[in-house]
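Computed from a prediction, not measured in an experiment: that's the story for all the values here. Note on naming: letters A, B, ... go to the chains in the order of the sequence lines (proteins, then strands), and numbering restarts at 1 for each one.
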Number of protein chains: 2
Amino acid sequence: MQPTDTASGGRPRRSDATRAAILEAARERFASDGYERATIRAIARDAGIDPSMVMRYYGNKEGLFAAASEFDLRLPDLAAVPREEAGAVLVGHFLERWEEDEALNALLRVGVTNPAGAERMRAVFQEQVAPAVAAVCPDPERAGARAALVVSQILGMAVSRYVLRFPPAAGMPRAEAVAWLAPTVQRYLTAESP
Amino acid sequence: MQPTDTASGGRPRRSDATRAAILEAARERFASDGYERATIRAIARDAGIDPSMVMRYYGNKEGLFAAASEFDLRLPDLAAVPREEAGAVLVGHFLERWEEDEALNALLRVGVTNPAGAERMRAVFQEQVAPAVAAVCPDPERAGARAALVVSQILGMAVSRYVLRFPPAAGMPRAEAVAWLAPTVQRYLTAESP
DNA sequence: AGAGGAGGCCAACGGGCGTTGGCCTAGACT
DNA sequence: AGTCTAGGCCAACGCCCGTTGGCCTCCTCT
């Protein structure tokens, strides 16, 4: 039996470079093409290896996607920043993260088309975003709704800017986007009522 | 040569019912599956006809999508409503529209995955949303940016609610969503600066 | 009543896909 | 130095896709 999991603790394998190359190529393809059009054959070609290697290391296409879309938003601890800056910090962090990590775009593209992708996005929302938001919102029982509102604004900007590329959104300097979105997110985080 | 265009002025053809059935099935499939996974074979099966009929009437898959995603947002004339209610009216209209017309979901799903879909969304943005926004915004030269901001919030809520189905967003009563989003959109429409 | 064309189905093609299994090779361990 | 196994490639299978061309049938117009 071949070990296929991602070496937690084991000593380095000779194939680690190949595994990494596959993962990198997969992230790029999933990000730019979405799940269905990103073919294993193309990913293997990008990584310079045979398609069957992908199967050997990641089982099947779904397993490859699961591995490629595993990532950490690295959300800041909002309780540690001045309360009135939480919105700006959060928006700035998200946009920066989106521009540096194409896995985010991959997840977004796949989440919209593929049930498994959507499920993973829901998991990220629940495990990473909701807790981060709960740390600053005044009413814990409404933290979920607040997190959803925050995500709706940030996700919408990401879609407009990085996926659909509406000219005014894609061309807007990041600082300007942050300046417009920050008060919105701030309100969703902390306002007593709409 | 067969006429394939959509009967502008010509008298009704015997095949109009079939054409309509194809279009309806296509909208449903594109909306729920996205471009790649919505197969012509499945659409034809839904419509109760042979796949080759789809080709005859719409040329190819891309032509079918173009026909299926042709639609009108029917945006209200924002100049006709009290200035301070423009945000609420716009948000309410969009969410209502989204729930009644699956073509919107189809366009969104396809736009995220498929270049042609993205191009069509940009066209809808430019031809329908931007002018509607320009009617109320104070500075015509920044109307494009304002429209992009408005769309980012509305699109984000649509994605969260109808596509990814984040529980707090999907379960939120429409009135509550409108109440939270309206001030945001109002600000994007009319505020002098962030 | 006859002709012609529109509406429809069937069968097939070529291609790309995910996936499998067998075989070779070279590095690591004893 | 010899063995063994992990790493890699090649070829193929079966499936489903978009698309095509031929053929039949029934409505409609003269």
Check whether the side chains of B/Tyr162 and B/Glu99 place a donor and an acceptor atom closer than 3.5 Å, and report yes or no.
-> yes
Could you tell me whether the phosphate oxygens of C/dG7, OP1 or OP2, come under 4.0 Å of any side-chain nitrogen or oxygen in B/Ser15?
-> yes
Going by distance alone, is a donor N or O of one side chain under 3.5 Å from an acceptor N or O of the other, for B/Tyr57 and B/Thr18?
-> no
Rounded to whole angstroms, how far apart are CD1 on A/Ile43 and P on C/dG16?
-> 17 Å
Would you kindly give the CZ-to-C1' distance between A/Arg19 and D/dG8, to the nearest whole Å?
-> 13 Å
With a 4.0 Å cut-off, would you call A/Arg142 and A/Glu192 a salt bridge?
-> no
For atom CD1 of B/Ile22 and atom C1' of C/dC9, their distance in whole Å | 13 Å
For nucleotides 10-22 of chain D, 5' to 3', base contacts (B), sugar-phosphate-only contacts (S) and non-contacts (-) with protein non-hydrogen atoms under 4.0 Å give B-B----BBSBB-
Measure from CZ on B/Arg14 to P on C/dG8 and round the result to the nearest Å.
-> 7 Å
Does A/Thr18 put a side-chain nitrogen or oxygen below 4.0 Å from OP1 or OP2 of D/dG8?
-> yes
For A/Ser152 and B/Gln153, does a side-chain donor sit closer than 3.5 Å to a side-chain acceptor?
-> yes
Could B/Glu102 and B/Arg27 be called an ion pair, given the rule that one side-chain N must be under 4.0 Å from one carboxylate O?
-> no
salt_bridge(B/Arg165, A/Glu119) N-O dist < 4.0 Å | no
Could you state the atom-to-atom distance from CZ of B/Arg13 to C1' of C/dA6 in whole Å?
-> 11 Å
Counting only heavy atoms not in B/Glu24, do more than 12 fall under 6.0 Å of its CD?
-> no
Hey, is B/Arg187 close enough to B/Glu84 for a salt bridge, meaning N to O under 4.0 Å?
-> no
Using atom CD1 of A/Ile49 as one end and atom C1' of D/dC9 as the other, report the distance to the nearest whole Å.
-> 10 Å
Rounded to 10°, the helix from C/dA1-D/dT30 to C/dT30-D/dA1 deviates from straight, judged by its five-pair end axes, by 10°
Output all residues satisfying side-chain hydrogen bond (donor to acceptor under 3.5 Å, both in side chains) with A/Ser32, sequence neighbours left out; order by chain, then residue number.
-> none
Please report, rounded to the nearest Å, how far the C1' atom of C/dT19 is from the OH atom of A/Tyr57.
-> 17 Å
